[in-house]
Amino acid sequence: MIDESEFRRMNEKLMKMLSALPVMVMIKTGLGLSEALGRNRYTLKDEGDKYVIIAEVPGASKEDVKVYAREDMIYVYAERKVGLRIESIPKKYRIKVKLEEPINVEGVKARYENGLLIIEAPKKTPGKEIEVK
């Protein structure tokens, strides 16, 4: 029979192994921690004439968040400063959002509120029909 102290030691070892599992998956696969844990760090909404992307970047300051846009892609880079001691929050964020329709890069706007980055990316206007005279 296992005594209580031996059970506690085994339980502590097991918990350490389980807590290291996402990090091992991240290292083995090259994924970020959020992907290794199966979490997306963003939501993409298609609102017809524009895309709205809401990205989670908790702990980062507005000055540390960088957004880059191409016609078919939005990139978010951010880094949180040391201070938060929550292991599940990454120190660096690299978010890449693939867009189905081209956007007007000049019209992209971004704002940062309470750990959320909200990006509005207007779609390029499609061609228009020309009246034949």
Side-chain angles (χ1 to χ4, degrees):
M1 188 167 213
I2 299 175
D3 68 4
E4 189 175 332
S5 63
E6 187 176 346
F7 176 77
R8 269 194 232 131
R9 280 194 304 276
M10 287 174 43
N11 189 38
E12 286 174 15
K13 286 182 182 180
L14 179 62
M15 295 310 287
K16 283 182 184 178
M17 288 172 38
L18 289 175
S19 67
L21 185 61
V23 175
M24 292 186 305
V25 168
M26 179 176 64
I27 291 168
K28 183 74 173 167
T29 63
L31 295 173
L33 183 58
S34 61
E35 291 88 357
L37 292 172
R39 293 185 296 212
N40 281 333
R41 285 262 183 229
Y42 71 89
T43 302
L44 173 63
K45 295 179 185 177
D46 185 342
E47 294 190 351
D49 62 338
K50 68 180 174 182
Y51 289 108
V52 176
I53 300 140
I54 301 171
E56 299 175 36
V57 286
S61 70
K62 182 174 100 172
E63 294 75 27
D64 295 326
V65 177
K66 306 289 182 228
V67 178
Y68 301 94
R70 290 189 349 200
E71 282 192 351
D72 63 343
M73 194 84 65
I74 297 284
Y75 300 92
V76 176
Y77 301 102
E79 188 169 347
R80 73 172 169 87
K81 300 296 182 200
V82 179
L84 287 177
R85 305 265 323 155
I86 302 171
E87 308 310 329
S88 65
I89 297 178
K91 292 180 182 172
K92 293 183 180 183
Y93 301 93
R94 303 288 184 261
I95 300 170
K96 182 169 64 171
V97 182
K98 175 80 172 126
L99 305 172
E100 300 225 354
E101 296 178 58
I103 60 169
N104 176 1
V105 175
E106 301 301 319
V108 175
K109 296 177 184 171
R111 67 184 188 279
Y112 185 69
E113 300 174 3
N114 301 321
L116 293 177
L117 177 66
I118 297 122
I119 303 166
E120 292 185 9
K123 293 180 183 178
K124 277 194 167 180
T125 54
K128 71 175 198 169
E129 184 177 348
I130 307 298
E131 180 184 348
V132 179
K133 295 182 181 183

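These numbers come from the heavy atoms of this one structure, side chains and all, not from hydrogens, waters or symmetry mates.
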List the atom pairs, with distances to 0.1 Å, where a side-chain N or O of residues 116-125 and a protein N or O form a donor-acceptor pair under 3.5 Å, not counting sequence neighbours.
residue: Glu120; atom: OE1; partner: Lys50; partner atom: NZ; Å: 3.4
residue: Lys123; atom: NZ; partner: Asp46; partner atom: OD1; Å: 2.7
residue: Lys123; atom: NZ; partner: Asp46; partner atom: OD2; Å: 3.0
residue: Lys123; atom: NZ; partner: Gly48; partner atom: O; Å: 3.0
residue: Lys123; atom: NZ; partner: Glu101; partner atom: OE2; Å: 3.0
residue: Lys124; atom: NZ; partner: Glu71; partner atom: OE2; Å: 2.2

- request: Kindly give the cluster partners of Val132, where membership spreads through any ILVMFWY side chain lying under 4.5 Å from a current member.
  value: none

message: What I'd like to find out is whether the side chain of Asp64 reaches to under 4.5 Å of the side chain of Val57, using heavy atoms alone.
response: no

message: Looking at Arg8 and Glu12, is any side-chain nitrogen of the basic one under 4.0 Å from a carboxylate oxygen of the acidic one?
response: no

field: Between CD1 on residue Ile74 and OH on residue Tyr51, distance to nearest 0.5 Å
entry: 10.5 Å

field: Within 6.0 Å of CD in Glu47, more than 12 heavy atoms from elsewhere
entry: yes

message: Can you list everything that forms a side-chain contact (heavy atoms from CB on, under 4.5 Å) with Ser5? Sequence neighbours excluded, please.
response: Asp3, Arg9

- request: Under the side-chain contact (heavy atoms from CB on, under 4.5 Å) rule, collect the residues that match up with Tyr68, sequence neighbours excluded.
  value: Lys66, Tyr75, Tyr77

Pairs touching residues 108-117 that satisfy side chain to side chain donor-acceptor pair (under 3.5 Å), sequence neighbours left out: Arg111-Glu113

field: Results of side chain to side chain donor-acceptor pair (under 3.5 Å) for Lys45 - residues two or more places apart only
entry: none

- line: For Lys96 and Met73 the tightest heavy-atom approach is CG-SD, 3.4 Å

- prompt: How long is the span from the CD atom in Glu56 to the CZ atom in Arg41, to the nearest 0.5 Å?
  reply: 5.0 Å

